[in-house]
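Have a look at the structure below before the remarks.
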Number of protein chains: 4
Amino acid sequence: MDKATRTRPTGAARSPAKAPGRPRSDATRQSVLRAAFELLTEGGLARFTIEGVAARSGVARTTIYRWWPKKGALAMEGFLEATAPEIRFPKTTSAVADMKAQLRLCAKLLRGRAGRIICGVIVEGQTDPETIAAFIEGYLQPRRREARAILQRGIDSGEMRPDLDMSALLSALYSPMHLRLLLGEPIDDAWVDSLADTVLQGCLATPTAPAQVRTAAPPRSA
Amino acid sequence: MDKATRTRPTGAARSPAKAPGRPRSDATRQSVLRAAFELLTEGGLARFTIEGVAARSGVARTTIYRWWPKKGALAMEGFLEATAPEIRFPKTTSAVADMKAQLRLCAKLLRGRAGRIICGVIVEGQTDPETIAAFIEGYLQPRRREARAILQRGIDSGEMRPDLDMSALLSALYSPMHLRLLLGEPIDDAWVDSLADTVLQGCLATPTAPAQVRTAAPPRSA
Amino acid sequence: MDKATRTRPTGAARSPAKAPGRPRSDATRQSVLRAAFELLTEGGLARFTIEGVAARSGVARTTIYRWWPKKGALAMEGFLEATAPEIRFPKTTSAVADMKAQLRLCAKLLRGRAGRIICGVIVEGQTDPETIAAFIEGYLQPRRREARAILQRGIDSGEMRPDLDMSALLSALYSPMHLRLLLGEPIDDAWVDSLADTVLQGCLATPTAPAQVRTAAPPRSA
Amino acid sequence: MDKATRTRPTGAARSPAKAPGRPRSDATRQSVLRAAFELLTEGGLARFTIEGVAARSGVARTTIYRWWPKKGALAMEGFLEATAPEIRFPKTTSAVADMKAQLRLCAKLLRGRAGRIICGVIVEGQTDPETIAAFIEGYLQPRRREARAILQRGIDSGEMRPDLDMSALLSALYSPMHLRLLLGEPIDDAWVDSLADTVLQGCLATPTAPAQVRTAAPPRSA
DNA sequence: TCTTAAACGAGACGGTACGTCGGGTCTTGTG
DNA sequence: CACAAGACCCGACGTACCGTCTCGTTTAAGA
């Protein structure tokens, strides 16, 4: 497809040199993405309309269609553009603690403006598989990779069981807050913590009483 | 408004006697619900349109608007009408086994036509809180109540820890499959089982090695 | 076709009684036609746009499309609505005089606002045969019928040759002014007169010198 | 603008020598004209689009705009390029016969591909006076000049009246077929002949019964 | 049996957004 | 310079649904 030619954001266009014709305006691209992000944030989904984005961004409707033939793609790209670098968290010696920290960060993200956008992306994705793919690829996977690394560190240090089913575990930890988001239920840190405790309590190398999980110290010795 | 007067399905119309004028036609109601269900099932969301429902059911658009002012309400009611009595499962002596059985049943439901509708309901719910409420109330809660009962039996029998955070646990068990549904990922029984094992392994009264969880016999003796 | 059902203007709807549903609003119809006529008159063709008509008339675009799926039909109907009763002329004893009188009236019409609309209709008709048909049927034919009657009177009174090729004659008399209209050339009465003289001079029962045609008295006696 | 500088086709570029920069490509010009002619011929007006011409000719849209700022100009030039030398007809001793011959030739032209283009030109001309001017200048005038010459020969030879109103006569002879063209009505030779007979019967020096016009021999002697 | 009041079918209507087409202008090249 | 390529803005197109609004016609239950 010529999609690779046109959608520049992905990857490094290894053909650095010429593309014939007038080059794509980056100012245009950004103002569209910003407008999309804002509309999604403010009016959430109902107000998120190509027409609206065009109006607010001052970009012609046709231009928007040229680059984002699907609304979902636009939402997703606007989302990534605006929130990509937000998730960073400190690493401690305890995998459980790290895990919880990341979960809390993610929860915070969902509580904020990004939450509305994720809902929008998922909704759009119901009609368009590519949007879902972009969502999984661009948002879920990175988070999962990071989480996987944390758990691996836990295993390596002996804090966590070595026979963890990571995939299942990650689902159990991350899905609930996304579903709550979609259902409009609050996602506060206390709830996240208790979920983490409940799920992680069976994953420690040294089984403990649930109360102890909460303080989850790196296991013995050290 | 006198919605209570008009929306009959909810609750027992305690005024059993008179309503002046022509009574509501049940045939009409049912053919609308059936049409809605079918459209949602076939075309999923994109095809689910008041106009379409009217056309297929042969009911006037106005009539539909009279009884279901929100599309989500229509979807939800059509869903319940068609799938309400589907979830039944045998009870064994093992809470873990029962839990897994119910999860598998639920997964089967989501794999089927009902899955598409649930997506539809959630999507509509993004715009309309009442739809979400009806979804939680009419679909999620019953399932949760049942699951709670199972877990309680497990606690009573000594199979499960008495200090379970049931709410968190249920989220961990049920959310992942709903999210997978929304993301278009497959929900097979094996995946459901491994999720259940992972989550439940920390909930047993007698901590076990993960492998053992799978066979999870009732702890006998005690 | 159900066109007969929908397009009311033609003939007397002999089914006087019921049509189900909300009846068509005549106010709407008229304000659309008026707007169309005005736009065509003012901006002539370039400004004549469904969008423009909708804006000026205050009628929804969809409503316009419902009743006039072709722009030409709208133009034509607006034209007839506004100018139908305009062509009336006195009858004298001389067929030649009557003919010239009608030609002058027609020329006056073309010089006025109606002229622009006729151009519009013909232009639209290039894309849509129905528009052309409506134009011929609704505008040209009536004029031709009237002219035929005049000529017939001339023949009956002995003023004109009995072997006239009426069809050809009418073309020769009427086409030039329409073509001039389309070419933006002026259509003044003197020009019309000289055309009539030139064409009619060969049609008299008593051939005359061209100068005499102008005064063309009924040949009396015989 | 320096249109005079740019539009070369008209007149002899009296600066015979060099113009700075790359010279205009004649191949380009011709392939544009050809494409325009073809499109106009095939799809007639609806398909005749700058974009389409660019696509078919393989010439960049900008280049087309540079040389033919109006669509009508393009149509007209393409038309002349393709059909200019087509109208030639033999001269006989009878002006009436010559006239009819030329009319038939013209009718044939209109029946063919050129007819569609003339319609296109006239349509475009409704928006742009220059196109109309070019049409009159480039197509109508030459034909009229030729016809005028024929009639003059007729007068000189005594076949036709000396007091003819040539301008009116030409209108009466030529307009009808052009109008028929625009109205989509057929223009067959028989029709053309009967029109000519009707119009010309009053123009002969020796008035005749209509039947005689048809054989219209040069009057004198015999 | 005859009101009477609501349910119901039909469809016009004003809207909003859609996705597309074409028209022009501009901004980059390259020849 | 001419030309190719193509991004961009713009206006209009015709369509799909939406939700509201008039109508006329059932259809029971209460007078």
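Chain naming here is simple, since letters A, B, ... match the order of the sequence lines and numbering starts at 1 in each.
For Thr49(D) and Thr49(A), each mapped to the nucleotide of DNA chain E holding its nearest heavy atom, the one lying further toward the 5' end belongs to Thr49(A).
Taking atom OH of residue Tyr65(D) and atom P of nucleotide dA2(F), one finds them 18 Å apart after rounding to whole Å. Straight-line distance from the CD1 atom of Ile64(C) to the C1' atom of dA12(F): 13 Å, rounded to whole Å. The nearest whole Å value for the distance from the CG atom in Asp26(A) to the C1' atom in dA7(F) is 13 Å. In this structure, Arg66(A) places its CZ atom 5 Å from C1' of dA7(F), rounding to the nearest Å. When rounded to the nearest whole Å, the span between CD1 of Ile50(D) and P of dT25(E) equals 11 Å. When rounded to the nearest whole Å, the span between CZ of Phe48(D) and C1' of dC21(E) equals 16 Å. Rounded to an integer number of Å, the gap from CG of Leu45(C) to P of dA12(F) is 14 Å. Taking atom CH2 of Trp68(D) as the reference point, atom C1' of dG23(E) lies 17 Å away to the nearest angstrom.
DNA chain F lies under 4.0 Å from at least one heavy atom of each of the following residues of residues 51-61 of chain B: Glu51(B), Arg61(B).
In terms of heavy-atom proximity, Leu45(C) sits nearest to Leu40(C) at N-CD1, 3.4 Å. When every heavy atom of Gly72(B) is checked against every heavy atom of Thr131(B), the shortest pair comes out as CA-OG1, 3.3 Å. When all heavy atoms of Val53(B) and Ala36(B) are compared, the pair lying nearest together is CG2-CA, 4.0 Å. Listed here is the closest heavy atom pair of Phe37(C) and Phe79(C): CD1-CA, 4.4 Å. Contact between Val59(B) and Ser31(B) at its shortest, heavy atoms only, is CG2-OG, 3.7 Å.
Salt bridge status for Lys70(A) with Glu124(A): absent, with no side-chain N to carboxylate O gap under 4.0 Å. Taking 4.0 Å as the cut-off between side-chain N and carboxylate O, Glu42(D) and Arg56(D) count as a salt-bridged pair.
To the nearest 0.5 Å, atoms OG1 (Thr63(A)) and CZ (Arg29(A)) are separated by 14.5 Å.
The side chain of Thr28(C) lies closest to dG14(E) when the candidates are dG14(E), dA7(F), dG22(E).
An OP1 or OP2 oxygen of dA7(E) is reached within less than 4.0 angstrom by no side-chain nitrogen or oxygen of Trp67(B). Contact annotation: Lys71(D) side-chain N/O to dG22(E) OP1/OP2 distance is not under 4.0 Å. Phosphate proximity of dC8(F) to Thr63(A): absent, as no side-chain N or O sits under 4.0 Å from OP1 or OP2.
Within the 4.5 Å cutoff, the side chain of Thr62(D) has no heavy atoms near those of the Arg66(D) side chain.
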Between protein and nucleotides 26-31 of chain E, what N or O pairs are separated by less than 3.5 Å?
| from | atom 1 | to | atom 2 | distance (Å) |
| --- | --- | --- | --- | --- |
| dC26(E) | O2 | Arg22(A) | NH1 | 3.1 |

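Residue-level contact check: Lys70(D) touches neither bases nor backbone, having no heavy atom under 4.0 Å from any strand.
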